[in-house]
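In this text the structure is predicted, and so the values were computed from the model without any measurement. Counting starts at 1 for both ligands and their atoms, in listed order. Scope of the values below: all heavy atoms of this structure, side chains included, with no hydrogens, waters or symmetry mates. All residue numbers in this chain count up from 1 along the given sequence.
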Amino acid sequence: MNIFQYMEQHGHEQLVLCHDEASGLRGIIAIHNTVIGPALGGLRMWQYNSEDEAILDALRLSKGMTYKNAVAGLQLGGGKSVIIGDSRKDKNEALLRSFGRYVQTLGGRYYTAEDVGITTADIEQVRLETDFACGIPVASGGSGDPSPFTALGVYRGILACAHELWGSQDISGRTIAVQGLGHVGFYLCQHLHQAGAKLVVTDIYPELVRKVVEEFGATAVSPEAIYGVACDIFSPNALGAVINDDTIPVLKCKIVAGAANNQLKENSHGDKLRELGIIYAPDYVINAGGVINVAAEMEPAGYNSELSTAKVMRIYDNVSHVLAIAKNEGIPTYQAADRLAETRIAQIAKVKRTFIA
Ligand code: NAD
């Protein structure tokens, strides 16, 4: 892998390799962009097959955080970190504290948080060594589980899509097919049910399906059948790449809006949705509730869940803004989201240059 070439191509600022023999730490911190503010992005612990794979993941994910944080209206740039290892076997206090010391050396250019393989309790240990970590448990004065906030943001984004298509936020009586009933999917179903929507749901775990059927009167279908459900809205909340050559021909929805990351297998699938007249709420715009909530820990007055909720509610405006750009400029919504992020970064870069001059 030619790292500098990749960084040049994607505009990354910095890549840090962290090695500590005593704790066995092999970590990577990627900072993509700090024009808007310090980089924020989670720490992932994963058994990568190679160092290149781990570096590429950190670089790729850090760029995604720049765009996500920019469109979410946060005063933050994008970064991401990874620890190479098995989170079930190799994770311990020494390793996490060692990683925390590396974060501290960056002096606030990068803030870490939880991601795959890392819990809020782990972040408490990272924080023993650094001032630049967020996403700690509620019991410790932190923001806790981000999932209810992600679900609220997705719900608000769905209302924005409904308004765009039907001229009203009223989704009562609308049929919504929900794929994935885990941390986000369950809370999302709760919001949709309270708003009077009819739910058709699926998960690979029958007990999760049973709960949503019993509590929200949902209709269950098999995981394979969810794509072809005749519905108003398809909401992916499980896996990435679910919008692809196999699923698009069977979709019978008018809107695709859910929490799952990287829903489009390829950008061309976003073009295809547009051709079919299906509104796609770009994943990183609609699923930003979690990061907005985590970032609320960085407020000088400390974390406040009411203020955080108010910010997450604004995902309605962010999704509406992206849909408006797409409509006005005649481009797919995923491109409109990228354009919004890039425009904000470019404008702030200009202001910074003006003041330095
Ligand atoms: P989760 O693991 O709690 O839930 C995912 C659910 O999807 C699980 O119940 C799983 O059984 C189910 N699932 C997996 N494969 C499936 C399939 N083929 N068909 C149907 N169901 C299937 O994860 P989560 O925290 O709820 O996150 C859901 C998605 O949203 C993920 O893509 C995640 O990356 C993304 N996301 C989550 C957050 C958050 O705050 N948790 C924030 C941003 C994005």
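- Counting the atoms of ligand 1 from 1 in the order shown, those under 4.0 Å from a heavy atom of Asn237 are 5 (C), 28 (C), 29 (C).
- Within the listing of ligand 1, atoms 9 (O) sit less than 4.0 angstrom from a heavy atom of Leu208.
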Could you give me the CA-CA distance, side-chain angles and deciding distance for Arg344 and Val71, then say whether side-chain contact (heavy atoms from CB on, under 4.5 Å) is met? CA-CA 8 Å; Arg344 184 169 176 228; Val71 175; over 6 Å; no

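- The protein atom (non-hydrogen) at minimum distance from atom 31 (C) of ligand 1 is Ala238 O, 3.6 Å.
- Of all protein heavy atoms, the one closest to atom 17 (C) of ligand 1 is Ile204 CG2, 3.8 Å.
- Donor-acceptor pairing under 3.5 Å is lacking for the side chains of Ser320 and Glu164.
- When only modelled atom types and interatomic distance are considered, Ser305 and Tyr303 share no side-chain donor-acceptor pair under 3.5 Å.
- The hydrophobic cluster containing Val154 does not contain Ile226, counting ILVMFWY residues as joined when their side-chain heavy atoms lie under 4.5 angstrom apart, directly or transitively.
- Of all protein heavy atoms, the one closest to atom 37 (C) of ligand 1 is Val184 CG2, 3.9 Å.
- Of the candidates Glu224, Lys68, His183, it is His183 that places a heavy atom closest to atom 3 (O) of ligand 1.
- Among the candidates Phe216, Phe149, Tyr155, the single residue satisfying the ring-ring contact (aromatic ring centres under 6.0 Å, His included) test with His191 is Tyr155.
- At the top of the distance list for atom 4 (O) of ligand 1, counting protein heavy atoms only, stands Gly182 CA, 3.3 Å.
- Those atoms of ligand 1 that come under 4.0 Å of a heavy atom in Pro223, given as number and element, are 19 (N).
- Protein heavy atom nearest atom 34 (O) of ligand 1, with residue, atom name and distance: Asn261 ND2, 2.9 Å.
- Summary of contacts: the protein heavy atom closest to atom 43 (C) of ligand 1 is Asn287 O, 3.6 Å.
- Residue Pro146 approaches ligand 1 through these ligand atoms, each under 4.0 Å from one of its heavy atoms: 40 (O).
- In this structure, the protein non-hydrogen atom closest to atom 40 (O) of ligand 1 is Thr150 OG1, 2.7 Å.
- At a heavy-atom distance under 4.0 Å, only side-chain atoms of Leu239, from C-beta outward, approach ligand 1.
- Protein heavy atom closest to atom 20 (C) of ligand 1, with residue, atom name and distance, is Asp203 CA, 3.7 Å.
- For the residue pair Asn33/Thr66, the side-chain donor-acceptor check at 3.5 Å is not satisfied.
- Remark: ligand 1 and Thr202 share no N or O pair separated by less than 3.5 Å (distance only, no angle test).
- Centroid-to-centroid, the aromatic rings of Tyr227 and Phe234 come within less than 6.0 Å.
- Look at Gly290 and you'll find every heavy atom at least 4.0 Å from all atoms of ligand 1.
- A donor and an acceptor atom, one from each side chain of Asp145 and Ser147, are located under 3.5 Å apart.
- Heavy-atom proximity to Tyr205, at under 4.0 Å, picks out these atoms of ligand 1: 11 (O).
- The 12-atom threshold is exceeded at NZ of Lys63, counting heavy atoms of other residues, nucleotides or ligands nearer than 6.0 Å.
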Which is it for Leu273 and Leu264 under the side-chain contact (heavy atoms from CB on, under 4.5 Å) test, yes or no, and what are the steps along the way? CA-CA 10 Å; Leu273 289 182; Leu264 303 176; 4.2 Å; yes

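- Other residues, nucleotides and ligands contribute over 12 non-hydrogen atoms within 6.0 Å of the NZ atom of Lys91.
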